[in-house]
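Quick note: residue numbers are just sequence positions, from 1. Keep in mind that what you see is a predicted model, and the values were worked out from it rather than measured.
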Amino acid sequence: MISANLVVVLVETAGPLNLGSVARLCANYKPSRLRLVNPRCEPGDPLASLMAVRGGEWLEKVEFHSSLSAALADCRRVVACSGRIEAQERQHHNPKEAIGWLLEPQAGPAQVGLVFGREDHGLSKEELLLAGRLLRIPTGPGYGSLNLSHAVAICFAEIQQQLEQQKDACAPLQALDSPLASHEQLEQAIQDAEALLLNVGFLYPHTARARMGKLRQILLRAEPNAEEVALLRGMVRQLRWAIGRDSG
């Protein structure tokens with residue numbers, strides 16, 4: 001068993017064989033949840049059931065979401081698996097580094113998310129921005145794209161190994177003083193800030209997405225807790241109220 005707090009998210013999975021193989025891996029390692037974002041195949045497909053073997057129950061209890069943001073709403077840390085190397089604007093971590101960050105102790109029952117993209121072209125740039133860390137599995141130079149279920153297996157094995165090492169160390173891990181803000185709380189704060197910055201002319205509609213993406217990365221690196229995010233939202237709302245009063 002790897003982690004009762006690990007949420008596995010598959011985005012627009014197209015192959016029932018891959019989906020069934022991932023369900024079998026979930027039976028092996030037992031994460032908390034398996035979530036599908038707009039799947040292009042059905043969990044009830046006979047080919048998925050064939051590959052799942054004893055993981056059939058995972059196909060029956062998958063959770064469906066219409067967007068990646070919604071699937072990650074209750075997660076406090078997110079790692080996205082990415083094989084994209086063109087125009088790297090962010091560091092890509094190896095499995096040991098990325099999983100190590102994902103498993104750092106946090107106060108309270110903190111859920112963490114591990115995201116895998118489409119078989120044919122992975123995750124979009126906007127979807128990658130939702131992750132605090134990007135994970136790239138090292139491959140040979142000739143062909144860098146891994147099968148979806150193979151990538152999941154490598155990540156699950158790394159999680160299992162690191163958890164066993166933590167257990168063998170027998171040293172109590174110090175939790176953070178206050179729980180980290182959830183993905184949903186951060187996104188709400190970012191939406192408030194974007195509305196304010198558009199209102200005062202700092203942002204323009206045609207550049208807002210790129211600039212807010214950079215702000216999102218600053219907040220993800222800072223990892224504010226729920227109280228700190230509430231403070232930021234309060235400041236933004238007060239500024240919007242003051243601007244509206246003065247303009248009236």
Peer 1: Out of curiosity, K30 NZ to N28 CG, how far, rounded to the nearest 0.5 Å?
Peer 2: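 One finds 7.5 Å between NZ of K30 and CG of N28.
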Peer 1: Would a single hydrophobic cluster contain both L102 and L25, if residues Ile, Leu, Val, Met, Phe, Trp and Tyr are joined by side-chain heavy-atom contacts under 4.5 Å?
Peer 2: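 Same hydrophobic cluster.
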Peer 1: So with a 6.0 Å cut-off around CZ of F202, is the heavy-atom count from everything else above 12?
Peer 2: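 For F202, atom CZ is not crowded (no more than 12 foreign heavy atoms under 6.0 Å).
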Peer 1: Has E127 got a side-chain atom pairing as donor or acceptor with L68's backbone, closer than 3.5 angstrom?
Peer 2: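 Absent.
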Peer 1: I'd like to know if the side chain of E228 reaches the main chain of N225, judged simply by a donor and an acceptor atom lying under 3.5 Å from each other, with no hydrogens or angles considered.
Peer 2: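 A pair under 3.5 Å: yes.
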Peer 1: Just by modelled atom types, is the E63 backbone N or O under 3.5 Å from a matching donor or acceptor in the R35 side chain?
Peer 2: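 Here the side-chain-to-backbone pair does not exist.
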Peer 1: Just wondering, do V79 and V115 contact through their side chains at under 4.5 Å, heavy atoms?
Peer 2: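 They are not in contact (no side-chain heavy atoms under 4.5 Å apart), so the answer is no.
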Peer 1: Tell me, please, which residues at least two apart from E97 pass side-chain contact (heavy atoms from CB on, under 4.5 Å).
Peer 2: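 Here the qualifying residues are H93, N94.
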Peer 1: Taking all non-hydrogen atoms of both residues, which atom of L220 and which atom of A131 are closest, and how far apart?
Peer 2: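 It is CD1-O, 3.5 Å.
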Peer 1: For the atom pair CG (L148) and OG1 (T13), what is the distance rounded to the nearest 0.5 Å?
Peer 2: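 Here the interatomic distance stands at 5.5 Å.
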Peer 1: Can you give me the closest heavy-atom contact between Q162 and L103, atom names plus distance?
Peer 2: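 Looking at all heavy atoms of both residues, the shortest contact is CB-CD1, 4.0 Å.
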Peer 1: When rounded to the nearest 0.5 angstrom, what is the spacing between CG in L34 and CD in E60?
Peer 2: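 Reported to 0.5 Å precision, the distance equals 12.5 Å.
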Peer 1: Is the Lys NZ or Arg CZ of R24 less than 6.0 Å from the centre of Y29's six-membered ring, within 45° of the axis?
Peer 2: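 No, R24 does not lie over the aromatic ring of Y29.
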Peer 1: Ignoring hydrogens and angles, tell me if any N or O in the side chain of R133 forms a donor-acceptor pair with the backbone of I99 under 3.5 Å.
Peer 2: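 Side chain of R133 to backbone of I99, a donor-acceptor pair under 3.5 Å: no, none is there.
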Peer 1: Apply the test side chain to side chain donor-acceptor pair (under 3.5 Å) to residues Q160 and E164: give CA-CA distance (whole Å), side-chain angles for both, the deciding distance (0.1 Å), then the verdict.
Peer 2: CA-CA 6 Å; Q160 181 69 35; E164 289 177 356; 2.9 Å; yes
Peer 1: Can you tell me if R209 has over 12 outside heavy atoms packed within less than 6.0 Å of its CZ?
Peer 2: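 Incorrect, the count does not exceed 12.
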Peer 1: Is there a side-chain contact between V22 and M51, using heavy atoms and a 4.5 Å cut-off?
Peer 2: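 No. Closest side-chain heavy atoms not under 4.5 Å.
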Peer 1: Begin from the C-alpha positions of C75 and V7 and carry the test side chain to side chain contact (heavy atoms under 4.5 Å, CB included) through to its verdict.
Peer 2: CA-CA 8 Å; C75 296; V7 175; 4.2 Å; yes
Peer 1: Drop me the distance from R233's CZ to D192's CG, to the nearest 0.5 angstrom.
Peer 2: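 One finds 4.0 Å between CZ of R233 and CG of D192.
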Peer 1: Under the side chain to side chain contact (heavy atoms under 4.5 Å, CB included) rule, what do L130 and S69 come out as? Steps first, then yes or no, please.
Peer 2: CA-CA 7 Å; L130 299 178; S69 183; 4.2 Å; yes
Peer 1: Do L163 and V152 land in one hydrophobic cluster if side-chain heavy atoms of ILVMFWY residues count as linked below 4.5 Å?
Peer 2: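 Linked within one cluster.
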Peer 1: Say whether V11 and L72 are linked into one hydrophobic cluster, either directly or through other cluster members, by side-chain heavy-atom distances under 4.5 angstrom.
Peer 2: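 Yes, V11 and L72 fall within the same hydrophobic cluster.
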Peer 1: List the steps and the verdict of side chain to side chain contact (heavy atoms under 4.5 Å, CB included) for M212 and Q191.
Peer 2: CA-CA 9 Å; M212 292 307 297; Q191 290 171 14; over 6 Å; no
Peer 1: Shortest non-hydrogen contact from E194 to A208?
Peer 2: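 Looks like OE2-CB, 3.7 Å.
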Peer 1: Please check this pair: side chain of R136 against backbone of G83, looking for a donor-acceptor N/O pair closer than 3.5 Å.
Peer 2: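 Present.
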Peer 1: So does G15 get a backbone contact from the side chain of E119, meaning a donor-acceptor N/O pair under 3.5 Å?
Peer 2: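 Side chain of E119 to backbone of G15: a pair is present.
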Peer 1: Can R76 and E223 be counted as an ion pair, charged N to O under 4.0 angstrom?
Peer 2: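 Salt bridge flag = no for E223 with R76.
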Peer 1: Do other residues, nucleotides or ligands put more than 12 heavy atoms under 6.0 Å from K96 NZ?
Peer 2: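 Not buried by this count: 12 neighbours or fewer within 6.0 Å.
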Peer 1: Compare all side-chain heavy atoms of L6 with those of I159 and state whether any distance is below 4.5 angstrom.
Peer 2: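 With C-beta onward as the side chain, the pair touches.
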Peer 1: Please give me the minimum heavy-atom distance between L59 and A52, naming the atom from each residue.
Peer 2: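 Nearest pair, atom of L59 first, then A52: CD1-CB, 3.8 Å.
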Peer 1: Spell out, yes or no, whether L198 and L239 are grouped together once hydrophobic residues are joined by side-chain heavy atoms under 4.5 Å, including indirect joins.
Peer 2: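 Per the 4.5 Å side-chain linkage, L198 and L239 are co-clustered.
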Peer 1: Just so I know, are the side chains of P31 and V8 near enough to count as touching, which here means a heavy-atom distance under 4.5 Å?
Peer 2: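 P31 reaches V8 side chain to side chain.
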Peer 1: Carefully, step by step, assess S82 and L128 under the rule side chain to side chain contact (heavy atoms under 4.5 Å, CB included).
Peer 2: CA-CA 8 Å; S82 173; L128 291 173; 3.9 Å; yes
Peer 1: Do R77 and H183 come within less than 4.5 Å of each other through their side chains, counting heavy atoms only?
Peer 2: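 Answer no - side chains too far apart.
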Peer 1: Rounded at 0.5 Å granularity, tell me how far CD in Q185 sits from CD in E227.
Peer 2: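 Output value for this atom pair is 10.5 Å.
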Peer 1: State the CZ-OG distance between R118 and S124, to the nearest 0.5 angstrom.
Peer 2: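 Between atom CZ of R118 and atom OG of S124 there are 6.0 Å.
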Peer 1: Indicate yes or no: at least one non-hydrogen side-chain atom of P43 is less than 4.5 angstrom from one of W58.
Peer 2: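 Counting from C-beta outward, P43 and W58 never come under 4.5 Å.
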Peer 1: Sequence neighbours excluded, which residues qualify as side-chain contact (heavy atoms from CB on, under 4.5 Å) partners of N199?
Peer 2: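 Per chain and number, N199 pairs via side-chain contact (heavy atoms from CB on, under 4.5 Å) with I243.
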Peer 1: With the threshold set at 4.0 Å, does a side-chain nitrogen-carboxylate oxygen contact exist between R33 and D74?
Peer 2: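 Answer for the salt bridge query: no.
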Peer 1: Say whether, by atom type as modelled, one donor and one acceptor occur between the side chain of K214 and the main chain of R211 under 3.5 angstrom.
Peer 2: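 Not a single qualifying donor-acceptor pair exists.
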Peer 1: At their closest point, which heavy atom of D45 faces which heavy atom of P16, and how far apart are they?
Peer 2: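 Scanning both residues, the minimum pair turns out to be CG-CB, 3.7 Å.
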Peer 1: Determine whether S149 and N18 make a side-chain contact, defined as any pair of heavy atoms from C-beta on separated by less than 4.5 Å.
Peer 2: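 Result yes, sub-4.5 Å side-chain heavy-atom pair found.
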Peer 1: Do you know which two heavy atoms are closest between P95 and P138, and how far apart they sit?
Peer 2: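 In terms of heavy atoms, the two residues are closest at CD-CD, 3.8 Å.
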Peer 1: Can any side-chain N or O of N38 pair as donor or acceptor with the backbone N or O of S66 at less than 3.5 Å?
Peer 2: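 Yes, because the side chain of N38 sits within donor-acceptor range (under 3.5 Å) of the backbone of S66.
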Peer 1: With the 4.5 Å side-chain cut-off for hydrophobic clustering, are V229 and L219 part of the same group?
Peer 2: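 Hydrophobic grouping puts V229 with L219.
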Peer 1: In terms of heavy-atom contacts, does CD of E42 have more than 12 from other residues, nucleotides or ligands at under 6.0 Å?
Peer 2: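 No, not enclosed.
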